[in-house]
Each structure stands twice: as C-alpha cells, then as structure tokens.
Participant: 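Sharing a structure here in structure tokens format.
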Amino acid sequence: MPAEAVLVANGPGELYTWVRPVLQELRRRAPERSVGISLIPCQFASGHETEIARGFGAEVVTSPSQYLRAAATGGLPPGLEGGPAGRGFVLSLGGNAGMAVTLARRLGRPAYRYSFEPGWHRGLSALFVPDERIARRARRSGVPVARLRVVGNLVADAVQLDAPADAPGSPHIVLFPGSRDAFSVHLIPFFIALVDHLAAALPQARFVWPVSRLLKNETIAAGIEGREAATLGGVAGTREGGSVRTPSGATIEMVPEEQRYAHMRAADLAVTIPGTNTLELGVAGVPAVVLLPLNRPEVIPLEGAGHWLGLIPGIGRYLKRYAVRLWVEGLSVPVSLPNRFTGEDLMLELSGRLDPAAVAERTLDLLRDDGERSRRRERLLATMPKPGAAAALLDAIEADVGATRAAPVGVLP
C-alpha cells in the first residue's frame with residue numbers, strides 16, 4: 001500500500017527525536033493508514049539511518065541512495081510511487097527542505113517542514129517551529145507570517161515515549177562522552193577515570209553509557225584501551241562484553257543508544273558534554289554536570305572554518321587551539337541548553353582545564369545535596385518544553401489541508 005504520509009529525515013538524531021514521536025502520533029490517530037520514511041543524503045549521516053528507521057514500524061522506508069537514484073531519473077523512491085495524487089502530505093523532519101519539496105511535488109502533495117532553524121523554501125505550505133523565540137527569527141528572516149506555526153518541541157515528545165529503565169541504581173547516573181570520533185576517543189578515558197573516583201564513594205551506584213551509533217567501533221575500542229588517556233588525565237578500562245571495567249573494578253554498562261531516554265527518565269544525575277543531550281536531560285528533569293574540557297582545545301570539534309584550520313599541515317593544531325580559545329572566551333551564553341534558554345543555573349557547567357578527580361568531587365557534592373538537586377529538577381520540569389508538539393503539528397496540517405481541499409486527506413482523522 002503506497003504511503004500516504006511521508007516523513008523525510010536525514011540523521012539519527014532527527015529520527016529519534018522528531019520522526020519517532022510524529023510517527024507514533026500518526027499511529028494513534030489512524031492506525032490503519034500507511035506511513036513512509038524517506039531518508040535523504042546528509043554529510044553528517046552515520047550510515048545506520050535506514051536500519052534505525054526500519055525499527056520504527058513504518059510501512060515503507062527508503063534509503064538515501066534510493067532517493068538519489070530517483071532524483072536522477074525524475075522518479076520516486078520505491079514504495080512511494082503509485083499513490084493517488086492529492087492524498088496525504090510530505091513532512092520534512094531534518095535535512096534539505098528542497099529535497100522534501102521536490103518529493104512532495106512529484107507525489108502531488110503539500111509539503112511541510114519542522115525545524116529549529118527558520119529557513120524557508122517557497123514550495124512549503126507551512127513551516128513549524130518549536131517556540132516563539134525561533135518564530136521571531138523566522139519572521140525577521142522573511143518567512144511568510146501566514147505560513148508560520150509554533151507547535152512546541154518534539155524533543156519533549158520523544159523523551160516521554162519510553163518508560164523509565166528498570167532496576168535503577170542508587171544513584172542512577174547516565175554518561176554521555178560524545179558522539180564524534182575525534183573528540184570521544186579522548187573523553188572515554190576521562191569518563192572511565194571519573195567513574196573510578198565516583199564508585200569509591202557510591203558502592204550502590206549504576207553507571208550507564210548509552211553508546212552513540214555515530215561512534216565507530218574502532219573509536220570505542222581505542223577509548224576504552226586509553227590510547228588518548230593522557231589528553232584529559234583519563235585511564236584505560238577493560239571491555240567485558242557489554243560493559244567496561246574501571247581499574248578499581250567499577251562497572252560502566254554500555255547500552256544501545258535507543259535506550260537513552262529510558263535511562264534518562266530513571267536517572268538521578270547525568271554527566272555529559274554540551275549538545276542536544278542537555279535539552280533531553282532537561283526535559284526529563286535530570287540535573288547534569290556539563291563538561292567543556294579545554295586541556296587540549298585543538299581536539300574539540302568545530303564546524304566550518306575552525307574545522308579546516310585544524311587540517312593545515314604543521315600549524316593546524318595551533319591555529320585550531322587558538323580558534324577554540326577565541327570561541328570559548330567569546331561565549332556570552334551558557335553551554336548547556338537549559339541554562340541558555342532560561343538564564344538560570346539548572347545544569348552544573350564546568351569548563352577549563354578539567355581533571356577526573358576534581359570533576360568527581362563537584363559531582364559528589366551535587367549528589368550529596370538532595371535539596372539542591374531537587375531545586376534543579378523542579379525548575380527543569382517547570383521550564384523545559386512539555387510533550388504535545390506532535391499532536392499540535394498534525395492538528396495544524398489537518399487544519400491546513402482541510403482549508404485548501406474539498407475533503408480532509410486520508411492520513412489524518
């Protein structure tokens with residue numbers, strides 16, 4: 001059966017945090033309808049996107065290579081062709097909006113986009129954004145006001161899809177040593193050393209590492225073996241099946257990335273580096289220690305010119321180190337998203353020359369102060385986005401389609 005609703009996405013982050021909750025809401029509304037996921041090319045893709053998407057239960061999943069082959073011939077990816085024109089819709093949930101618009105045009109359907117960035121494409125019927133702050137940027141950038149909708153943050157929907165993990169530790173601590181090979185190979189030994197220090201004071205603790213699919217197996221192995229341990233004062237561990245043993249015998253459980261929300265919802269505390277993880281943790285109400293180590297700034301991933309500076313033979317690492325220092329010194333906002341959005345001290349941010357022992361002490365201080373952790377948790381739950389974005393987004397599509405067609409599209413009730 002040809003897919004009536006087609007969700008277009010590009011990477012694992014978008015699949016877990018945007019596509020999955022929208023697909024679940026579509027299933028709740030009309031379980032008999034056919035839904036497709038069309039993956040498009042992306043320079044930051046992990047290569048696992050098609051496998052991840054197939055686990056969501058959509059009737060049709062097409063790969064980035066299938067999109068490219070169809071685009072070259074002016075056709076459609078297999079499984080998306082054959083449906084009646086005018087039925088359903090195409091929703092861009094990450095990646096190049098123009099690719100989603102092209103797909104919608106060939107299907108004869110309206111195209112919509114959800115994004116954290118206010119980019120507009122003239123082929124879109126509407127742009128959905130998470131909050132009024134981004135909506136203001138969108139209006140300033142020229143997005144037509146009549147086609148702009150604030151629907152909420154899909155990350156909140158995604159976090160709430162999973163029940164808390166069973167058998168939480170006392171305390172339950174989740175660890176996020178990054179998803180980029182060039183940085184994580186230095187961070188993994190640091191986190192092993194950190195757990196070694198924490199475990200001595202927390203004999204009943206459960207330490208859980210949801211391993212990013214973006215990390216290569218070689219990176220994980222090199223990190224655990226401590227090949228770059230000297231960078232941040234880390235140590236090597238020992239891989240034992242699905243866990244890592246620290247030098248003193250503490251255990252770090254390695255769990256699949258798709259279990260991270262379940263462990264977030266069971267967690268008492270997290271230790272992470274800056275990124276989307278901080279928003280997800282905030283939505284789950286989990287206080288976090290957010291680390292920005294500057295022991296060797298040249299190993300920190302940068303986008304754009306900062307990345308290319310680091311590749312210049314001979315002097316690249318010095319130029320990149322300087323670029324990172326300028327970037328950090330020029331920061332006028334917090335590095336964790338909850339602190340940045342609220343202007344409050346909700347996540348404990350530690351930056352500069354960090355060492356595992358000192359970070360362990362600050363982490364233990366926060367764990368021992370139940371009142372302070374409760375304050376942070378309560379403020380996170382009060383200020384972070386709430387679930388409901390997927391429902392609001394589909395309500396808006398239904399209203400838009402109903403206003404422009406003689407009858408509602410079949411995919412929506």
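This chain uses plain numbering: 1 for the first residue, then up along the sequence.
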Participant: Check whether any side-chain heavy atom of Leu279 sits under 4.5 Å from a side-chain heavy atom of Phe341, and report yes or no.
Facilitator: yes
Participant: Any salt bridge between Arg20 and Asp162, counting N to O under 4.0 Å?
Facilitator: yes
Participant: Determine yes or no for a side-chain-to-main-chain donor-acceptor pair under 3.5 angstrom, with Glu349 supplying the side chain and Ser336 the backbone.
Facilitator: yes
Participant: Would Arg260 pass as a cation-pi partner of Phe176, given that its NZ or CZ must be under 6.0 Å from the six-membered ring centre and within 45 degrees of the axis?
Facilitator: no
Participant: Would you call the rings of Trp18 and Phe116 parallel, tilted or perpendicular, taking 30° and 60° as the class edges?
Facilitator: perpendicular
Participant: Should Asp400 and Tyr112 count as side-chain neighbours, where that means a heavy-atom distance under 4.5 Å?
Facilitator: yes
Participant: Check whether any side-chain N or O of Tyr67 sits under 3.5 Å from a backbone N or O of Met99 as a donor-acceptor pair, and report yes or no.
Facilitator: yes
Participant: Quick one: are Pro12 and Leu214 in side-chain contact, heavy atoms under 4.5 Å?
Facilitator: yes
Participant: Could you tell me the separation between the CG atom of Leu337 and the CE atom of Met384, rounded to the nearest 0.5 Å?
Facilitator: 8.5 Å
Participant: Quick one: list whatever passes ring-ring contact (aromatic ring centres under 6.0 Å, His included) with Trp209, sequence neighbours left out.
Facilitator: none
Participant: Is there a donor-acceptor pair under 3.5 Å between the side chain of Arg29 and the backbone N or O of Ala391?
Facilitator: yes
Participant: Evaluate the criterion salt bridge (charged side-chain N to carboxylate O under 4.0 Å, His left out) for residue pair Glu4 and Arg109; output intermediate values, then yes/no.
Facilitator: CA-CA 9 Å; Glu4 295 181 23; Arg109 302 177 188 178; over 6 Å; no
Participant: Show your reasoning for whether side chain to side chain contact (heavy atoms under 4.5 Å, CB included) applies to Ile273 and Phe183.
Facilitator: CA-CA 11 Å; Ile273 61 172; Phe183 198 22; 4.2 Å; yes
Participant: Are the side chains of Asp181 and Leu215 in contact, using a 4.5 Å heavy-atom criterion?
Facilitator: yes
Participant: For the pair Arg227 (side chain) and Ile224 (backbone), establish whether a donor and an acceptor sit closer than 3.5 Å, ignoring hydrogens and angles.
Facilitator: no
Participant: Using the side-chain contact (heavy atoms from CB on, under 4.5 Å) definition, which of the options Leu93, Ile40, Leu39 pairs with Val8?
Facilitator: Ile40
Participant: Is Arg373 reaching over with its side chain to a backbone N or O of Leu367, donor-acceptor style, under 3.5 angstrom?
Facilitator: yes
Participant: If you apply the rule side chain to side chain contact (heavy atoms under 4.5 Å, CB included), what do you find for Arg340 with Thr278, and how did you get there?
Facilitator: CA-CA 10 Å; Arg340 186 181 307 176; Thr278 62; over 6 Å; no
Participant: Please examine the side chains of His197 and Thr363, heavy atoms only from C-beta on, and report whether any two atoms are closer than 4.5 Å.
Facilitator: no
Participant: Measure the shortest side-chain to side-chain distance between Tyr16 and Ile52 over non-hydrogen atoms and say whether it is less than 4.5 angstrom.
Facilitator: yes
Participant: I'd like to know if the side chain of Asn339 reaches the main chain of Met347, judged simply by a donor and an acceptor atom lying under 3.5 Å from each other, with no hydrogens or angles considered.
Facilitator: yes
Participant: Tell me if a side-chain donor or acceptor on Arg362 pairs with a main-chain N or O of Val289 at a distance below 3.5 Å.
Facilitator: no
Participant: Can you tell whether the side chains of Asp268 and Arg206 come within less than 4.0 Å, N to carboxylate O?
Facilitator: no
Participant: Walk me through it: do Thr17 and Leu154 pass the test side chain to side chain contact (heavy atoms under 4.5 Å, CB included)?
Facilitator: CA-CA 6 Å; Thr17 57; Leu154 285 172; over 6 Å; no
Participant: Can you list the steps and then say if Gln160 with Arg265 is a side chain to side chain contact (heavy atoms under 4.5 Å, CB included)?
Facilitator: CA-CA 8 Å; Gln160 296 299 316; Arg265 297 196 65 196; 3.3 Å; yes
Participant: Rounded to the nearest 0.5 Å, what separates atom CZ in Arg137 from atom CG in Asp131?
Facilitator: 9.5 Å
Participant: Do Arg33 and Glu25 pass the salt bridge (charged side-chain N to carboxylate O under 4.0 Å, His left out) test, and can you show the C-alpha distance, the side-chain angles, and the key distance before you say yes or no?
Facilitator: CA-CA 12 Å; Arg33 302 300 181 181; Glu25 179 63 14; over 6 Å; no
Participant: Backbone N or O of Gly119 within a donor-acceptor pair of the Arg113 side chain at under 3.5 Å?
Facilitator: yes
Participant: If I take atom CG from residue Leu281 and atom OG1 from residue Thr272, how far apart are they, to the nearest 0.5 angstrom?
Facilitator: 6.5 Å
Participant: Under 4.5 Å between any side-chain heavy atoms of Phe190 and Pro177, yes or no?
Facilitator: no
Participant: Would you check if the side chain of Asp157 reaches a backbone N or O of Ala390 as a donor-acceptor pair within less than 3.5 Å?
Facilitator: yes
Participant: At what distance, to the nearest 0.5 angstrom, does CZ of Phe207 lie from CG of Leu198?
Facilitator: 5.0 Å
Participant: Give a yes or no on this: more than 12 heavy atoms of other residues, nucleotides or ligands lie within 6.0 Å of atom NZ of Lys216.
Facilitator: no
Participant: Just wondering, do Val335 and Ser351 contact through their side chains at under 4.5 Å, heavy atoms?
Facilitator: no
Participant: Hey, does the side chain of Gln259 reach the backbone of Pro256 with a donor-acceptor pair shorter than 3.5 angstrom?
Facilitator: no
Participant: Once you round to the nearest 0.5 Å, how far does CD of Glu378 lie from CG of Leu380?
Facilitator: 10.0 Å
Participant: Give, for atom CG of Leu103 and atom OG1 of Thr62, the distance between the pair rounded to the nearest 0.5 Å.
Facilitator: 7.5 Å
